[in-house]
Asker: 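Encoded as structure tokens, here's the structure I'll be asking about.
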Amino acid sequence: MNKNLKRVLTGALSLAMTLSLAACGGGQNASAPSAAAGGDSSPGSSASGESINIRIASSSPTVEFEGEGTTSLGISTNYFVNEISKRTDGRITAQVFPDGQIASSTQEYIGGLQNGAFDMGILNCGSWADYTPAFAGLNMPYLYRDYDEAYAVLDSEVGQSWKEKAEADTGCIILGYFDIGFRQLTCNNEVHTPDDLKGVKIRTMPDPIQMACWEALGCAVTPVAYSELYTALQQKMVDAQENPPSNIVSSKVYELQNYMVITNHNFTATIPAASPIFWNKLSADDQQLIRDIMIEAQNKGREKTAELAEGFIKTVEDDAGTQIIRLTNDELKLFQDKAKTVWPMVEKQMGADSYNAMISFVEDYEASHK
């Protein structure tokens with residue numbers, strides 16, 4: 001199916017979703033711990049001063065939003081939900097719909113935002129590639145050596161230009177970069193070099209760069225929606241997958257895998273974005289308040305990412321059925337050398353100017369942080 005036809009069908013699907021949700025009163029999920037109580041569950045509001053209930057789509061499991069949040073993503077999201085209500089005395093509330101309840105595929109997320117089926121969505125950076133190359137720099141393997149370097153890029157003019165590019169391409173309002181962390185491999189065969197991955201069926205996100213990376217490492221790549229990953233592993237549709245430790249634990253995929261290999265191949269952010277239809281109904285003051293709280297929420301999650309990641313790795317390590325493999329420097333270099341063969345693909349997607357600005361920033365940062 002060509003891309004234009006796919007987008008037409010996406011729009012039709014999202015419009016149907018909007019009508020269905022309106023007919024059933026919005027389908028509020030009482031079990032989602034971060035769902036703000038009360039308020040109209042219909043998307044958005046027509047004027048400043050009226051009650052607004054923000055409906056947020058997420059494919060992450062409900063467990064991530066329990067309490068103050070059990071992952072960086074959950075912490076950031078819950079912070080936004082709580083603060084927006086607190087600072088508006090309840091005039092603006094927010095509900096999170098986890099587990100892919102109102103959107104699961106990329107088409108449903110971006111199409112739903114574009115057509116106003118819901119107000120906000122939180123979508124992994126690797127899932128935007130069908131609609132914009134804006135976040136290609138986040139899908140580039142082995143570019144960022146640690147969290148601080150990744151944050152420096154995201155908070156710079158480089159990261160801001162990515163937001164602007166995504167908005168221009170999709171119409172969605174990009175509100176920040178929520179943290180997920182560095183990605184790791186889980187599999188059923190012992191892996192120390194790329195040769196150990198030859199022919200292994202791996203699930204990746206539907207991003208051409210990440211797919212090409214794992215193909216370069218010898219895998220047979222099969223994109224699967226995150227909400228369907230556990231079942232895909234259970235039914236042997238795929239043998240392996242890669243995700244940050246928080247996702248590996250919250251989705252419980254490690255229970256189906258013999259090994260977790262610490263590859264740190266990609267830093268991953270997930271993108272909170274607003275529907276332009278919802279956004280354009282807001283006053284300028286409400287728009288700015290939402291932007292401000294989203295950046296606070298982003299930074300709140302960052303405070304816990306590294307600590308939580310180590311805790312999640314320990315959870316997997318303590319599981320009798322899953323062994324942790326920590327690659328030696330020599331082994332890791334074999335992965336890096338193979339994966340970096342896709343860097344020219346990133347440059348082609350981003351364009352030379354944007355790519356060179358990113359590489360120059362990273363080189364300058366590393367030179368000043370030796």
Side-chain angles (χ1 to χ4, degrees), residues 17 20-21 24-39 41 43 53-85 93-106 108-109 112-113 117-124 127 175-176 178-181 183 186 203 205 224-234 241 243-257 268-273 294 297-298 300-301 304-305 307-309 311-313 315-316 319:
M17 185 187 301
S20 173
L21 287 168
C24 68
Q28 181 171 343
N29 176 34
S31 67
S34 58
S41 62
N53 186 57
I54 304 171
R55 300 169 64 253
I56 305 173
S58 172
S59 61
S60 296
T62 301
V63 66
E64 294 199 28
F65 305 102
E66 291 178 350
E68 294 184 357
T70 60
T71 64
S72 296
L73 170 60
I75 290 168
S76 292
T77 306
N78 286 358
Y79 180 90
F80 173 78
V81 169
N82 294 330
E83 287 298 311
I84 196 67
S85 177
T93 58
Q95 296 171 256
V96 180
F97 290 80
D99 292 308
Q101 290 178 56
I102 56 177
S104 57
S105 69
T106 301
E108 289 173 354
Y109 269 98
L113 288 171
F118 43 87
D119 306 311
M120 291 185 184
I122 305 172
L123 184 63
N124 193 295
S127 296
L175 297 169
F178 283 2
D179 237 29
I180 304 184
R183 304 177 78 85
T186 67
R203 177 270 177 185
M205 288 185 291
V224 175
Y226 179 64
S227 58
E228 300 168 5
L229 174 56
Y230 191 93
T231 301
L233 286 166
Q234 203 170 37
Q241 67 86 48
N243 256 300
S246 59
N247 288 10
I248 290 169
V249 172
S250 67
S251 64
K252 300 185 178 182
V253 296
Y254 71 93
E255 297 175 347
L256 303 174
Q257 303 270 254
T268 300
T270 194
I271 313 299
M294 275 292 185
Q298 162 194 287
K300 197 75 174 175
K304 293 289 186 180
T305 302
E307 176 187 339
L308 287 170
F312 290 128
I313 292 171
T315 296
V316 176
D319 182 78

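Side chains included, hydrogens not; waters and symmetry mates left out as well; all remaining heavy atoms used. Quick note: residue numbers are just sequence positions, from 1. Predicted, not measured: the structure shown is a model, and the values here were computed from it.
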Asker: Looking at N78 and G67, what are the two nearest heavy atoms and their distance?
Answerer: ND2-O, 3.1 Å
Asker: In the structure I gave you, are the side-chain heavy atoms of Y79 and E68 within less than 4.5 Å of one another anywhere?
Answerer: no
Asker: Which atom names give the shortest non-hydrogen contact between A94 and I84, and what distance separates them?
Answerer: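 Taking every non-hydrogen atom into account, CB-CG2, 4.3 Å.
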Asker: Between CG of L123 and CE of M205, what distance do you get to the nearest 0.5 Å?
Answerer: 9.5 Å
Asker: Got Y109 and I122 here, is their nearest side-chain heavy-atom distance under 4.5 Å?
Answerer: no
Asker: Tell me which pairs pass salt bridge (Lys or Arg N to Asp or Glu O under 4.0 Å) where either residue lies in residues 74-85, with sequence neighbours left out.
Answerer: E83-K86, E83-R87
Asker: Are S104 and S227 side-chain neighbours, meaning at least one heavy-atom pair lies under 4.5 Å?
Answerer: yes
Asker: Looking at residues at least two apart in the chain, or sitting in another chain, which of them share a side-chain hydrogen bond (donor to acceptor under 3.5 Å, both in side chains) with T231?
Answerer: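 side-chain hydrogen bond (donor to acceptor under 3.5 Å, both in side chains) check on T231 returns nothing, list empty.
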Asker: Find out whether S58 and F65 are in side-chain contact, i.e. whether some heavy atom of one side chain is under 4.5 Å from a heavy atom of the other.
Answerer: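 They are in contact (side-chain heavy atoms under 4.5 Å apart), so the answer is yes.
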Asker: Do the side chains of F97 and I56 get nearer than 4.5 Å, heavy atoms only?
Answerer: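 A side-chain contact is absent here, since even the closest heavy-atom pair is not under 4.5 Å.
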Asker: Listed by chain and number, what are the side-chain hydrogen bond (donor to acceptor under 3.5 Å, both in side chains) partners of S250, not counting sequence neighbours?
Answerer: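 Expected list: E64.
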Asker: Please enumerate all residues that pass side-chain hydrogen bond (donor to acceptor under 3.5 Å, both in side chains) together with Q241, with sequence neighbours excluded.
Answerer: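 By the side-chain hydrogen bond (donor to acceptor under 3.5 Å, both in side chains) rule, Q241 matches T186, N243.
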Asker: For S72, check side-chain hydrogen bond (donor to acceptor under 3.5 Å, both in side chains) against everything at least two apart and list the hits.
Answerer: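 Scan of S72 (side-chain hydrogen bond (donor to acceptor under 3.5 Å, both in side chains), adjacent residues dropped) gives T305.
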Asker: Tell me every residue that passes side-chain contact (heavy atoms from CB on, under 4.5 Å) with I75, counting only those two or more places apart in sequence or in another chain.
Answerer: K300, K304, L308
Asker: Using side-chain contact (heavy atoms from CB on, under 4.5 Å) as the criterion, list what pairs up with S251, not counting sequence neighbours.
Answerer: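 Counting only residues at least two positions away or on another chain, S251 forms a side-chain contact (heavy atoms from CB on, under 4.5 Å) with Y226, V253.
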Asker: For a quick test of reading the model, state the closest non-hydrogen atom pair linking A297 to S76 and the distance between them.
Answerer: O-OG, 2.7 Å
Asker: Looking only at heavy atoms, what is the nearest atom pair of L113 and G121, with distance?
Answerer: CD2-N, 3.6 Å
Asker: About how many Å separate OG of S59 and CD1 of I102, when rounded to the nearest 0.5 Å?
Answerer: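 Reported to 0.5 Å precision, the distance equals 11.5 Å.
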Asker: Evaluate side chain to side chain contact (heavy atoms under 4.5 Å, CB included) for F80 paired with L175, printing each intermediate quantity in order.
Answerer: CA-CA 11 Å; F80 173 78; L175 297 169; over 6 Å; no
Asker: Please identify each residue that fulfils side-chain contact (heavy atoms from CB on, under 4.5 Å) with L256, with sequence neighbours left out.
Answerer: Y230, L233, Q234
Asker: Given S127, which of I271, T270, T106 fulfils the side chain to side chain contact (heavy atoms under 4.5 Å, CB included) condition?
Answerer: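 By the side chain to side chain contact (heavy atoms under 4.5 Å, CB included) criterion, S127 pairs with just one of I271, T270, T106: T106.
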Asker: Judged by atom type as modelled, is there a donor-acceptor pair below 3.5 Å linking the side chain of T70 to the main-chain atoms of V63?
Answerer: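 Judged by distance alone, yes, a pair lies under 3.5 Å.
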Asker: CZ/R55 to CD/Q101 distance, rounded to the nearest 0.5 angstrom?
Answerer: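 The CZ atom of R55 sits 10.0 Å away from the CD atom of Q101.
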Asker: Starting from the C-alpha separation in whole Å, work towards a yes-or-no answer on side chain to side chain contact (heavy atoms under 4.5 Å, CB included) for I54 and Q95.
Answerer: CA-CA 6 Å; I54 304 171; Q95 296 171 256; over 6 Å; no
Asker: Decide side chain to side chain contact (heavy atoms under 4.5 Å, CB included) for V316 and V249; before the verdict, give the C-alpha distance in whole Å, the side-chain angles of both, and the deciding distance to 0.1 Å.
Answerer: CA-CA 7 Å; V316 176; V249 172; 3.9 Å; yes
Asker: Between T315 and G311, is there a donor-acceptor pair closer than 3.5 Å when you use the side chain of the first and the backbone of the second?
Answerer: yes
Asker: Check P272 against G176 and note the closest heavy-atom contact, atom names and distance.
Answerer: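 Smallest interatomic distance, heavy atoms only, reads CD-O, 3.3 Å.
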Asker: Answer whether the closest heavy-atom distance between the side chains of F312 and T71 falls below 4.5 Å.
Answerer: yes
Asker: Could you verify whether a donor N or O on one side chain and an acceptor N or O on the other, from T62 and D99, lie under 3.5 Å apart?
Answerer: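 Result is yes, a qualifying pair exists.
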Asker: side-chain contact (heavy atoms from CB on, under 4.5 Å) with A309: which residues, sequence neighbours excluded?
Answerer: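 With sequence neighbours excluded, A309 shows a side-chain contact (heavy atoms from CB on, under 4.5 Å) to Y147, P245, given in chain and number order.
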Asker: Is D179 close to L73 at the side-chain level, that is, under 4.5 Å between some pair of heavy atoms?
Answerer: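 A side-chain contact under 4.5 Å is absent here.
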Asker: For R183, which residues count as a salt bridge (charged side-chain N to carboxylate O under 4.0 Å, His left out) partner, sequence neighbours excluded?
Answerer: E242
